Each structure stands twice: as C-alpha cells, then as structure tokens.
Number of protein chains: 2
Amino acid sequence: MRLNPVSFPVPMPKILIVDDEEDIRELIAVNLMREEQYQLIEAADGLEALRRAKDERPDLVILDLMLPHMDGLTVYKKLRENALTAKIPVIMLTARGRLEEKIEGLELGADDYLSKPFSPRELMLRVRNLLRRSHENPSGNLVETGPFSLDKNALKLHLDGEGIDLTATEFKLLLSLIESPGITKERGDLLKKVWGYSDMIQTRTLDTHIKRLREKLGSHGSSIETVRGVGYRFSGE
Amino acid sequence: MRLNPVSFPVPMPKILIVDDEEDIRELIAVNLMREEQYQLIEAADGLEALRRAKDERPDLVILDLMLPHMDGLTVYKKLRENALTAKIPVIMLTARGRLEEKIEGLELGADDYLSKPFSPRELMLRVRNLLRRSHENPSGNLVETGPFSLDKNALKLHLDGEGIDLTATEFKLLLSLIESPGITKERGDLLKKVWGYSDMIQTRTLDTHIKRLREKLGSHGSSIETVRGVGYRFSGE
DNA sequence: TGACCCCGTTACGTTTTTGTCACCTCTGCC
DNA sequence: GGCAGAGGTGACAAAAACGTAACGGGGTCA
C-alpha cells in the first residue's frame, strides 16, 4: 500500500521520538521510514526530550506519555510553555483507557494523540497530517511584508537588514497585526488572540506592548497605527 | 447622555453545519459561538446541504462525512462541481479511522478535515484559519460609490486617491448613508443604527457629526444632502 | 542567591473624540 | 415682513482613549 508522495517545503522533516523503551522507539522508526524519509532523533526520558527539543527544534514530536521520572503530560506542558518549542506539533501515545480522558480535556491546539496499540498506517497518517498542517502556512515560517520579515521559528524580526529580537508576547502581537496588513484589528480581538482574554477586560497591557513594539521598530514605529476607539492597524509601510 | 455602545459593523461570517444528528450540530454551534459571532445555518442531510449552500452561499461549510442517503464525500464533490459553491472552504468531520485514508487521497485545496472526537479549540482554530484565508480579499469589504471607497477592514475612507481617517462614529455614520446611495435615511433610523438610541430623543448630535463629516469630505461635502424634516441622503456624487 | 529580563499593572499626562449648548441662518407659510 | 421650526456652525467642557514612565512580581540563568 503506497500513499501519494507528499512534498515538504523542508527537505527532510526532523522528528523527535520520546519513549523509554528502545524497542518501541525502534518500532516507530522502522514504520515511519518505510514510506518517507525523515530525520529521526530520540530521547528516553522527559528531561532529555525537553533538552533535545530546545536544541534541535524538531518539526514534530512523538511523545509516549508513560515515561520514567517525568510524566509525559508534564513534558507536553513544558514544551508548550517554552516559546521555542511551543509550536512544535506533538503526537501523544497513550495506553488505551484512563489517560485518554485526560487528553481529551487538554486543548489540543495543533496536536493529536494515538492509543496503543496503534497500526503503523495510522501513525503514518497522523504524522503526515500534522507535518502538512504545520508547514502549510503561506511562506513556511516567514511572514514578509514590505521591509518587515517575521521569522516564526527564531521569534525574530528582520528589518532594514538587521535582526531584532522580540519577546514571545511582542512576537505574537506583531504577528497578529502583520499577518493582515492594512486591516484594523480590534482591541478585543487582539487581547483574545495574544493573551487569551475572553471578555473586553479593561487593561492597559495592550497599549504598553504596542509602545514597546513601536520602540523596537524604531523609525518604522509608525507602521503600527492607532485607530482610536477601535484598535490598531499595521500599515504595510 | 451616553447609551450602550453600538457594535462595530464587521461582516459576520455565515457557516453551514451539515450533520444528521441534531446533538452534534448543537455541540458544534455552541463551541463556535463561545468566542466569535457567526451566523449559523444547518442541514441534516446531503440534499438539504447542497440546496442551502447554493441558496445562501455560506462562507464555510462544516461537513460530517457520515450522512444518510448521500455520502458526505459525494456532497463534497458536488459542492466542488457547482461553480457557485466551488470555492467555499469545507471542513470535513470523520470518525477516527477508515475514512481518514480516503480523505488523504483527496486534493485538499482550501479545505481541511478533523477526526472525531475533536477538541473545541481545534475546531475553532481551523474555522478561523479558513475564514481568514478566504475572507481577507477585500471584495466584500469595500463599499464603493463614485469617487468614494469605504474600506470596512481598514476602517478608512479613500477619496480622490487619498486616504482619510475617520473616527469610529463618523465611520459608522458615513457607512449607514453610503451603503444605500440616493435613499433618504430618517434621523431616527440613523440615531438608532449609529448611536443605539432607541427613541426619538431630541439631540443635535447627529447634526454635529454630519457637519464634521462634510468637513472631512472637503469638496465632496455636498454629497450628503439634507432632507428637511426627514433626515439625510447620500447622493452618489 | 543575585542579577537580569519579561510582563502586567498603575498612575499620570496628553490628545482626541464627542455630546451639548447658544446663537445664527435658512426655508416655508401666513 | 414676521414667525416658527429645522438645520448649520463654532465653542466648550467632559469623557474617553491613548502614550508613557515607572514599579514590582515572577521567572530564568549563571
């Protein structure tokens, strides 16, 4: 059984396999490699997993929830907390039963899970699905507008030839604005998207961060326009 | 005297939910509406889905593949064949397992799919992603009449080649007038639509804002005509 | 542990927006 | 012409919205 070949923008996707049993890692690896080429890295426990994820930035993590020392769910949460690894899709492996419920409760953003025992084919599908999804954003991990170029991987902004470091919050905010230039984003929407605030909470946090962003944009600070009483708008120039 | 603020006139996306079980439709509806406002329409089987899609042109279709009478994939293909519905993005819902393979075989252009059970958050993300992609083309968000061009996305007015910034109130007022040129809008209607005033409150606020608008329109100020004793009328030129 | 960074909040100052008022002009009618 | 009602206009003050600097808590890292 052969699947249609899928072309990835990245030559060879890097996958991190986290499981304490070497047999299982091997099993997964063999099944994955049967139909596509991936670059595989492995970790046997949670701490190592976190380290390697941060160092090597895989495109996908396959995470067994049954781990020594550190619970898999904890690993998952820590991955999400770190800006560097927050967007890496994760496939969680669970024993059929109790854990499934816990996972259902999680907000599985770009993620997925699989109950053991799983069929090789199913694993393949999930892997390809997640990789497709995470790589399909328009121009890979770069958002470019005028002289601005936002690098989603490095959380960095390139502007006028120099790289500007942004914090995680600043990045999310700028991204929200820049991904649709010329469109006015309402305060409430920005608060929801960047901070997760649900209601029209009265807060000056947004203003403060806008100021910090404008500072970092330097002479281009005026690209972020204020629309009084409504929100902010990023003008392509 | 200040009354409740009037919500800003953003276009409300229309979503068609196709599922034979009312419970599921309800579940999806509730989850969708938790964070955004959408106009929802529903269909319980494939034929109805096709009919409503053609009649009402939703911005997005959420399609359960398990349907009575007509298979969901057939519905999907028929949607694609009809020029009127060919470009509407579709999110397909599948039971985890068999059907996933079939979908993988499809060329998912602007579409996506989700395996049940799915997390509400994930559904939200897909919906917003697809809507953003298809909705951002300025087609429906420009109101053009003569030399006037009101951009609902940017909340800006373009006139004689230059962009004119309007305040939120001015924008709403001008939009109310300009969206039906040549038609006289009564004072009471304008007060209700722009300010949310319910009764025929005696106020000169409307007059003042009309004046301010005319000023900003410069030489085109006379496009806003006074209809004595009734209200105002926007003449296309 | 201590230095540092990020971030949300607060307080205060400034700018913009907006509703109202007083006074004026215009129009239609007697 | 005189009158009344409707709308135009400029001024004004309150309120709202925003910019900004500074503070302190919490986390990170050496």
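In what follows, every chain begins at residue 1, and chains take the letters A, B, ... in the order their sequences are listed. This structure is a prediction, so every number in the text was calculated from the model and none was measured.
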Separation of atom [atom1] in [X] from atom [atom2] in [N], rounded to whole Å:
| X | N | atom1 | atom2 | value |
| --- | --- | --- | --- | --- |
| A:Gln202 | C:dA11 | CD | P | 12 Å |
| B:Leu166 | C:dT16 | CG | P | 16 Å |
| B:Arg187 | D:dG5 | CZ | P | 15 Å |
| B:Leu191 | D:dA6 | CG | P | 15 Å |
| A:Phe171 | C:dC7 | CZ | C1' | 18 Å |
| A:Leu50 | D:dT28 | CG | P | 12 Å |
| A:Glu186 | D:dA17 | CD | C1' | 15 Å |
| B:Glu225 | D:dG7 | CD | P | 15 Å |

Determine whether a donor-acceptor pair (N or O, by modelled atom type, separation under 3.5 Å) exists between the side chain of [X] and the backbone of [Y].
| X | Y | result |
| --- | --- | --- |
| B:Thr167 | B:Glu170 | yes |
| B:Lys216 | B:Ile164 | no |
| A:Arg25 | A:Ile17 | no |
| A:Arg214 | A:Ile224 | yes |

[X] side chain near [N] phosphate (N/O to OP1/OP2, under 4.0 Å):
| X | N | answer |
| --- | --- | --- |
| B:Thr226 | D:dG7 | no |
| A:Tyr232 | D:dG19 | yes |
| A:Thr203 | C:dG8 | no |

Inset, instruction - Check if the side chain of B:Arg204 and the base of C:dG19 share a donor-acceptor pair of N or O atoms closer than 3.5 Å. - result: no
Legend entry - A:Lys14, NZ: over 12 other non-hydrogen atoms inside 6.0 angstrom: yes
Which listed nucleotide ([options]) is nearest to the side chain of [X]?
| X | options | answer |
| --- | --- | --- |
| A:Trp195 | D:dG8, C:dG8, C:dC7 | C:dG8 |
| B:Thr169 | D:dG7, C:dC7, C:dT18 | C:dT18 |
| A:Asp207 | D:dG19, C:dG19, C:dC26 | D:dG19 |
| A:Thr205 | C:dT9, C:dG19, D:dC18 | C:dT9 |

Inset, instruction - Output the residues of residues 208-217 of chain B in contact with DNA chain C, where contact means a heavy atom of the residue under 4.0 Å from an atom of the strand; sort by number or write none. - result: B:Thr208, B:His209, B:Arg212
Inset, instruction - Pick base, sugar-phosphate or nothing for A:Val194, based on heavy-atom distances below 4.0 Å to the nucleic acid. - result: nothing
Inset, instruction - Report which part of the nucleic acid A:Thr167 touches: base, sugar-phosphate, or nothing (heavy-atom distance under 4.0 Å, all strands). - result: sugar-phosphate
Inset, instruction - Show your working on side chain to side chain contact (heavy atoms under 4.5 Å, CB included) between A:Arg51 and A:Leu47 and close with a plain yes or no. - result: CA-CA 6 Å; A:Arg51 193 170 45 69; A:Leu47 281 178; over 6 Å; no
Legend entry - Heavy-atom closest pair, residues A:Phe234 and A:Leu177: CB-O, 3.5 Å
Inset, instruction - Flag the pair A:Arg233 and B:Asp165 as a salt bridge only when some basic side-chain nitrogen lies within less than 4.0 angstrom of an acidic carboxylate oxygen. - result: yes
Inset, instruction - Using the closest heavy atom to pick a nucleotide of DNA chain C for each, name whichever of B:Glu170 or B:Arg228 lands nearer the 5' end. - result: B:Glu170
